[in-house]
Amino acid sequence: MEKKKLVLVGNGMAGVRAVEEILRVAPEKFEITIFGSEPHPNYNRILLSKVLQGDTEVKDITLNDWDWYEANNIRLYTDETVVKADPGRKVVVSDKGRIEPYDELILATGSVPFILPIPGADKEGVTAFRDLEDTDKMLQASKKYKKAAVIGGGLLGLEAARGLLNLGMEVSVIHISPYLMERQLDETAGKLLQKELEKQGMNFLLEKQTQAIIGNERVEGLTFSDGTVLEADLVVMAVGIRPNIKLAQESGLQVNRGIVVNDFLETSIPHIYSVGECAEHNGIPYGLVAPLYEQGKVLAKHICGVETAPYKGSVLSTQLKVSGVEVFSAGDFLEDKEKKALKVFDDHEGVYKKIVFRGNLIVGAVLFGDSHEGNRLFSLIKKQADISETAKVSLLQPVGQDTGDSLVAEMSSEEIVCGCNGVSKGTIIEAIQAEGCTTVDQIKACTSASRSCGGCKPLVADLLQHSLGAEFDQTIQKEAICSCTSLSRDEVVEGIRSKGLTHVKEVMNVLGWVSEEGCSKCRPAINYYLGMVHPTRYEDERESRYVNERMHANIQKDGTYSVVPRMYGGVTNSKDLRKIADVVDKYEIPLVKVTGGQRIDLFGVKKEDLPKVWSDLDMPSGYAYGKSLRTVKTCVGEQFCRFGTQDSMGVGVALEKKFEGLQTPHKVKMAVSACPRSCAESGFKDIGFIGIDGGWEIYVGGNGGTHVRGGDLLYKVKTDEELMEITGAYLQYYRETASYLERTSAWVDRVGLAHIQSVLDDKEKRKELNARMDEALSVYKDPWKEIINNNKTKNELFESLVRS
Ligand SMILES: Cc1cc2nc3c(=O)[nH]c(=O)nc-3n(C[C@H](O)[C@H](O)[C@H](O)COP(=O)(O)OP(=O)(O)OC[C@H]3O[C@@H](n4cnc5c(N)ncnc54)[C@H](O)[C@@H]3O)c2cc1C
Ligand SMILES: NC(=O)c1ccc[n+]([C@@H]2O[C@H](COP(=O)([O-])OP(=O)(O)OC[C@H]3O[C@@H](n4cnc5c(N)ncnc54)[C@H](O)[C@@H]3O)[C@@H](O)[C@H]2O)c1
Ligand code: SF4
Ligand code: FES
C-alpha cells in the first residue's frame, strides 16, 4: 500500500514527540517530512537552562540526532521555515521556495518569546531565552560584560538569572508583581523563594515597570516608570511567551490566542492538526511539556486511525530548575471562597507546604523547601482525590521516616514518578522486572522517564535501589556504553573476544541488551569493536554506522553532501586539479573550499550524484566523514624551505598511504613539520611530527578543536622507519583500548602518557601491536570504488530512496 505523506512543521519537542508516537503506533503508515526553522536536529529546550548554568553541555541535549531521522526514513529540512500552507492544493511552501505535498499536516510551531514593546528593545545586548542561539549569546556576553538584567521573575527569568550568576555576572531580576513566580506560587512561597535566591547572590527589583532600554548601539541600562535607572550591559527578556500562530493565521486556520484545536487535535481545516505550545485547546495554550506530550499521544493514535480517548486538557505541575532551591506547584494553588487551604510553615527550616481543597477534593498544592512529596500530591490532584478530614492532615506529614527508599516503597503503582512524561511507578517497576533495566539511563530508554527536565532522576534511582537492592549501587554504577545495556566498553569488548561474537545483533542477543534493536549510540560502537577484534573475519555492517559513514560523504544541513577526495600529504598536481574542476562544472557543485587539512572540499553535491562524482574524480576517498585517519598535513620541508631539516612531505605522504582507511575509535589527524617552527601545526594534532637535527620528535594527544590541548612529547626517533614503527604501535594501542568516540586527547589524559610509553618501550609488545595493525590494514578497500563497482549497494543507497 502506498504510504500517505505526513508533513510536520516545527522540529521541536512537541512535534517530534508526536512523530515518535506515530512511529510507535504505525511505523509504516507515513512517508514523513519535517521542516524546522532552527539549524539543529530536535533538542531538549528544557535543558538550555542547565546548559547556561554549566551543568550540561550543548552536545548532551540532542533528543533525536541526525541518524534518528535517517534511520526512520524521515526527510528533514532544517534551517527552513514553512511560510504558507495551502489546504486547497494540500501543499506547504517554504521560505526556500520548496513546495511539499501532504495528505496530513501537523503544525507544531511552538511559541515566540514576548518582547516588551519599549524603546531600545532592539539594541545589541538584548535577548530572549528560547533557543540555542539565545543561550550562546548569553554565554558570549558573559565573557565580555559584567552586569546583567533579567526582566521577568517567572520560571524562565529565574533559571536564566541563576545561569548568569554561574557565569560570573552580577544579576538583577526586574519583576512587575509584588512577589516572584506569581503564576505558580502564593505570596508566602514567592517571598521565601526571593530570600533564598538573594542568599545565592541575586538582586531583585519588584513592582517595577521597565520603560526603556538605554545606550548607544549596545544596551547600557534600563529606565523604570518610577524614574529610577539600572546599569546593565546584557538584558534578558523573560516576560512570557505567545503561541506562534503566524503560519496558521496566514493559511486561513481558525486562531485565537493559539491555533484552535478540538479534543483530537484537529484544527478548523480537515487534515491539518496542531500540537504543542502553538495549539489552543479549550481556550488554553500550554507552556510545559507534560500536556504537550499527552496531546501528542492522542494525536498519534487518531491520525493513525487507532481508537483513542479524547484529550481533555491537563492539570499542570511545575518545578524550578535552580539547584539548592526546592519549589513545587501544582493545580489550583490559590485559596478563595470555595477553596480552603491546609498549611504548615517551618520558618526555622525554611519549609512551607500548602494543600488546597475544594470540599474534600484535593485540587492544588505549593511546596517550598522540601518538594519530595510533590509527585504523590500531583497524582492525587490529577485524580482530584477525595480526602477525608483526618487523612488531610496526614498529607502534610512526610511519608515514611525519610525520603528515598521509604518514600518510593509507600507510593502506589499508579503514582506518577516522571511528571514531564507521565510515567508511573508501575511502568518503571515493569521495566525493571520485565525488561531487565538496571540503570537510570535504561529506564529512560525504555519508558522515557527522566528524558525531559531530568528532575525525576533521583526518584527513578530510588526506585531502582528499592527494587534491585544490592544489585543497584549508584556509587559503583559503571559507565555503560549506552542505555541499552549495563555493560561497560571493556566488558563488551571482552564479551566479543571470549565468546567469539561476530555480528552486531549477536552481541546484543548474547550480552543481554534490553532493547532488541540497540540505539544510535551502541550500534556504531559495537560495529567498531567487532572490526577491531576480528579485522579479517568481520564484515562491516553498514546499517550500524552513522549516516555520513554509511553514505561515505558528509550530509549538510540542506540534505546535500560534501565530497573530499584524498590528497596525500596535501600535495596535489595539475591532473587531479583538472579532474576536480571538471566535476565541479559538470555537476554544478555550488561551493569549492580548501580545508584546514590541506585538501579540497566540494559542497552541495546531490545524493544521487555521489557515485558519479566519485567515478569521474577517480581519486581515493578522503574519509572526511569517517572515524578513521583524516588528513596528514605537511609543511614543504627540506625540499623547498631553507629551514627544513627533514622530508616532511615525503614522510606525510608515506604515513597517509600506510594508514588510510584505518578504522579508529574517533577521527585521527596527523601533521608533519620539518623543523620546530611547526608550520603544519604538529603540536595540535592526534599525532604530530616535528623534524629536528638528526631525527624526529613525535607528539601525541594534541587537539585544536573545542577542547584545545597541546600534544605531549612521546618519543624522539632517529629514522623514518622508527617513526613508522612507533606510530603503528601507538595507533594500534589506541584502537585497542580507547572507547568508541574517544579522541586521542581524552584517551591520553585518561590512560596517562607514562603508561603509553611503558607499553611502547617494550619491543616485543611494539612488534605485536604492529603485527595486529598490519592485519587491520590488510582489509582496506577504497569505499568509493567499492560502491561504484557494486550496482546493488549503489542502487540501495543512492537511487531507490525518495529521500533528499
Ligand atoms: C530555557 C527553557 C526552559 C524550560 N524548562 C521547562 C521545564 O523545566 N519543564 C517544562 O515542562 N517545560 C519547560 N520549558 C518549556 C518547553 O521547552 C516547551 O514547552 C516545549 O519546548 C514546547 O515544545 P513545542 O514543540 O511546542 O515548541 P518548540 O520546542 O519551541 O518547537 C517549535 C519549533 O518549531 C519551529 N518553527 C516555528 N515555526 C516554524 C515554521 N513556520 N517552519 C518551520 N519551523 C518552524 C521553531 O523554530 C521551533 O524549533 C522550558 C523552555 C525554555 C525556553
Ligand atoms: N522549570 C520550568 O518548568 C520552566 C522553566 C523555564 C521556562 N518554562 C516555561 O517557559 C515559558 C516562558 O517562561 P516565562 O517565565 O517567560 O513565562 P511566565 O509567563 O511563566 O512568566 C513571566 C513572568 O514575567 C513577569 N512579567 C511580565 N511582564 C513583565 C514586565 N514588564 N516586567 C517584569 N516582569 C514582567 C510576569 O509577572 C511573570 O511572572 C513558560 O511557559 C514556562 O512555563 C518552564
Ligand atoms: S616547519 Fe620549518 S621546514 Fe616546515 S615550512 Fe615551516 S619553517 Fe619550513
Ligand atoms: S519529571 Fe521532568 S523528566 Fe521526569
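Predicted model only: the values in this text are computed from it and were never measured. Whatever order the structure lists ligands and atoms in, that order sets their numbers, starting from 1.
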Short list, please: which atoms of ligand 2 are under 4.0 Å from a heavy atom of Gly152?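 Heavy-atom distances to Gly152 below 4.0 Å select 24 (O), 33 (C), 34 (N).
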Can you list the ligand 2 atoms lying under 4.0 Å from a non-hydrogen atom of Gln184?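 So the answer, numbered in order with elements, is 20 (O).
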Tell me, which protein residue and heavy-atom name are nearest [atom], and how many Å apart are they?
atom                    : value
atom 13 (C) of ligand 1 : Ile46 CG1, 3.5 Å
atom 11 (O) of ligand 1 : Val289 N, 2.8 Å
atom 32 (C) of ligand 1 : Ala108 O, 3.5 Å
atom 39 (C) of ligand 1 : Ser37 OG, 3.4 Å
atom 53 (C) of ligand 1 : Phe129 O, 3.6 Å
atom 27 (O) of ligand 1 : Gly110 CA, 3.3 Å
atom 15 (C) of ligand 1 : Gly287 O, 3.7 Å
atom 18 (C) of ligand 1 : Glu277 OE2, 3.0 Å
atom 25 (C) of ligand 2 : His175 CE1, 3.7 Å

Is it the case that atom CD in Glu231 sees more than 12 heavy atoms from other parts of the structure closer than 6.0 Å?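 No, CD of Glu231 has 12 or fewer neighbouring heavy atoms, counting only those of other groups under 6.0 Å.
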Taking atom CD of Glu430 as the centre, report whether more than 12 heavy atoms of other residues, nucleotides or ligands fall under 6.0 Å from it.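 No, the 6.0 Å shell around CD holds no more than 12 heavy atoms from other groups.
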What's the count of protein N, O or S atoms under 2.8 Å from atom 4 (Fe) of ligand 4?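 There are 2 of them.
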Please say whether [X] places an N or O atom under 3.5 Å from an N or O atom belonging to ligand 2.
X      : answer
Ile176 : yes
Leu320 : no
Glu277 : no

Does even one non-hydrogen atom of Cys420 get within less than 4.0 Å of ligand 1?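 In this structure, Cys420 fails to qualify as a contact of ligand 1 - no heavy atom is under 4.0 Å.
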So is Lys246 in contact with ligand 1, going by heavy-atom distances below 4.0 Å?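 For ligand 1, residue contact (heavy atoms, under 4.0 Å) with Lys246 is absent.
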Consider every N or O of Met13 and every N or O of ligand 1, then say whether any pair is closer than 3.5 Å.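 By distance alone, the answer is yes.
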If we only count N/O pairs under 3.5 Å, is Gln319 in contact with ligand 1?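 Among all N and O atoms of Gln319, none is under 3.5 Å from an N or O of ligand 1.
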Once you restrict to heavy atoms under 4.0 Å, what part of Gln209 touches ligand 2? Side chain, backbone, both or neither.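 Under 4.0 Å from ligand 2, Gln209 contributes no heavy atoms.
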